[in-house]
Amino acid sequence: MPAEAKSRPPADLLAARMQDPYPYFAWLRRHAPAHVERRPGRPAVWQISRYQDVRALLCDPRLSKDPGRVPGYMPGPSGLNRHLVHADPPDHTRLRTLVNSAFVPRRIALLEPFIAEVAHRLMDRVEHQVHIDLIADFAAPLTFRMICAILGVPEHLDTPGTRDTLMATIAPDTIADPARAGRDLHALLDALIVGKRAGEESGGVDLLGALVRAGDESGAMSEEELRSTAYLLLLVGHDTTMNLIGNGMLALLRHPDQAARLAGQDAGSSLLATAVEELLRYDSPVRDATFRCAGESIRLHGQTIDAGEIVSLLIGSANRDEEHFTDPGRLDVGRTPNDHLAFGYGPHFCIGAALARLEGAVAFPLLLERLGTVELAKPADELPWRPARVIRGLAALPLVRR
Ligand code: HEM
């Protein structure tokens, strides 16, 4: 095969990659570990697929997280891009320190009874239903409630409408009126911040109240950084964990032998802990790492990534790399060691990892116990995956009770 044909992914794998990216990723790892897509009028995008490369580049200072280095490119909604995911040091260090304290594992562990209480309440509501959508009925409201509790979002704003407004921002092509969605989002953030300034009580951790005070009293954060950070945390605190529950339950339904191993495990069991890690690895909720671009030219696999070109680190591919994991396509809830990259690696390692792990450890056994005998309501290859690039998650997970 000529070298050029070898580096062009087969059309069928490309077409199917939203539904099932793993054959495409395996092709990239094998034939084009640093694959570049060039489209007229757009910045080049490099896709990096092997575990060792992805891990090394996740903490390589030659890659910048500042989208301002790519002329005309803006990865998020306008006016809401000044947050830690899009920052290099020293701004990154300052913003991360302000947010981090609310997510330390010791503080997060205290939420366990609350997570279990909300999860049981949601299951009570669907107890007598034959048809259940595990995303809309359980994963979305549970994970949104938790991030709202940490941020101090009042209950009247914790609604499906608020969730839709946020989610619209990551798939603007799929909504009828993106300009209106943008206005709704800014109005929502205004309402939140104005409420905090007016001394609105929310109890709990109230991270947003603390950030507003840090900005107002010591100038530690600008107004744009405050809004951007509130937006970021509401979105990633919910969308990722929701997909851990959705992708994870789908994997367990498709591997009943592995689900059976988890039956009756309590939240502190070591098998449950390895299972959560394995579900994070097997179908990673953050499929591609967030924005990065080359700050200087980088040589990789005989090619040159030029300064200003975008570099997409394929976490979902790294986590299935056969050079790093034994039998990576097999789900094994007892897998050890399991040094997956589902939460990233290095200076941008996920701040919410302890919260996500705890929500998974509470949700999986509870669902296995309370759902009873359920099946997928449609074939697995017809399930609707959301058309987002960074995130891998289902729009719905329809189940039927037998
Ligand atoms: C299963 C759930 C989750 C997964 C798989 C996940 C995954 C990730 C990954 C891969 C990164 C690094 C991205 C990169 O380097 O490009 C990241 C960063 C981050 N995550 Fe998570 N995350 C999850 C849950 C959460 C939760 C619940 C929060 C809570 C707010 C959160 C907040 C963040 C923040 C703020 C960052 C940026 C850190 C930085 O740039 O320094 N994540 N996450």
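Indexing begins at 1, ligand by ligand and atom by atom, following the structure's order. Residues: numbered from 1 along the sequence shown.
Look at Ser284 and you'll find every heavy atom at least 4.0 Å from all atoms of ligand 1. Between Met146 and ligand 1 there is no heavy-atom distance shorter than 4.0 Å. Taking a 4.0 Å cut-off on heavy atoms, Phe103 registers as neighbouring ligand 1.
Nearest approach of Val333 to Thr274, heavy atoms of both residues: O-OG1, 2.6 Å. Of all non-hydrogen atoms in Arg69 and Cys293, the two that sit nearest each other are CB-SG, 3.8 Å. The minimum heavy-atom distance linking Arg392 with Asn243 is given by the pair O-CB, 3.5 Å.
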Exercise for review: Test salt bridge (Lys or Arg N to Asp or Glu O under 4.0 Å) on Asp321 and Arg50 and set out the steps.
Suggested key: CA-CA 6 Å; Asp321 189 341; Arg50 290 188 186 162; 5.7 Å; no
query = Between Glu277 and Arg281, does a salt bridge (Lys or Arg N to Asp or Glu O under 4.0 Å) hold up when you go through it step by step?
reply = CA-CA 6 Å; Glu277 299 310 311; Arg281 180 197 71 81; over 6 Å; no
Original post:
Hey, mind stepping through Tyr345 and His340 against ring pair (Phe, Tyr, Trp, His ring centres under 6.0 Å) and telling me if it holds?
Top reply: CA-CA 9 Å; Tyr345 190 73; His340 63 74; over 10 Å; no
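Here the protein heavy atom with the shortest distance to atom 6 (C) of ligand 1 is Phe343 CD2, 3.6 Å. At the top of the distance list for atom 35 (C) of ligand 1, counting protein heavy atoms only, stands Leu233 CD2, 3.9 Å. Given atom 13 (C) of ligand 1, the protein heavy atom at minimum distance is Thr290 OG1, 3.7 Å. The nearest protein atom to atom 37 (C) of ligand 1, hydrogens excluded, is given as Val85 CG2, 3.5 Å; this is a heavy-atom distance. The nearest heavy-atom contact from the protein to atom 27 (C) of ligand 1 is Thr241 OG1, 3.4 Å. For atom 3 (C) of ligand 1, the closest non-hydrogen atom on the protein side is Thr240 CB, 3.3 Å. Shortest contact from atom 20 (N) of ligand 1 to any protein heavy atom: Cys350 SG, 3.2 Å. The shortest contact between atom 32 (C) of ligand 1 and any protein heavy atom is with Val236 CG2, 3.5 Å.
Residue-ligand proximity, Ala289 to ligand 1, at heavy-atom distances under 4.0 Å covers atoms 16 (O). Atom numbering of ligand 1 starts at 1 in the shown order; those under 4.0 Å from a heavy atom of His92 are 39 (C), 40 (O), 41 (O). Applying the 4.0 Å criterion to heavy atoms of Pro347 picks out, from ligand 1, the atoms 41 (O). Residue Leu355 approaches ligand 1 through these ligand atoms, each under 4.0 Å from one of its heavy atoms: 27 (C). Ligand 1 places these atoms under 4.0 Å from at least one heavy atom of Leu84: 38 (C), 39 (C), 40 (O), 41 (O). Contact atoms of ligand 1 toward Ile315: 10 (C) (distance under 4.0 Å to a heavy atom of the residue).
The closest non-hydrogen atom to atom 31 (C) of ligand 1, taken over Ala342, Gly352, Ala353, comes from Gly352. Taking each of Arg96, His340, His83, His86 in turn, the one with a heavy atom nearest to atom 38 (C) of ligand 1 proves to be Arg96.
Contacts with ligand 1 closer than 4.0 Å are made by no heavy atom of Leu313, backbone or side chain. By the criterion of a heavy-atom distance under 4.0 Å, the side chain of Arg292, and not its backbone, is placed next to ligand 1. Here Val99 has no heavy atoms under 4.0 Å from ligand 1, in either its backbone or its side chain. Contacts between Leu280 and ligand 1, counted as non-hydrogen atom pairs separated by less than 4.0 Å, involve the side chain only.
Between Phe325 and Tyr51, the ring-plane angle classifies as perpendicular under the 30° and 60° cut-offs. Classified by interplanar angle (parallel below 30°, tilted 30° to 60°, perpendicular above 60°), the ring pair Trp27/His35 is perpendicular.
Between the side chains of His324 and Asp339, at least one donor N or O sits under 3.5 Å from an acceptor N or O.
With rounding to the nearest 0.5 angstrom, the CG atom of Leu185 is 9.0 Å from the CG atom of Leu235. To the nearest 0.5 angstrom, Ile132 atom CD1 is 11.5 Å from Leu122 atom CG.
Under a 3.5 Å cut-off, the side chain of Thr162 and the backbone N or O of Leu157 do form a donor-acceptor pair.
Between His92 and His348, the ring centre distance stays below 6.0 Å.
Among residues two or more places apart in sequence or in another chain, the salt bridge (Lys or Arg N to Asp or Glu O under 4.0 Å) test is passed with Arg106 by none.
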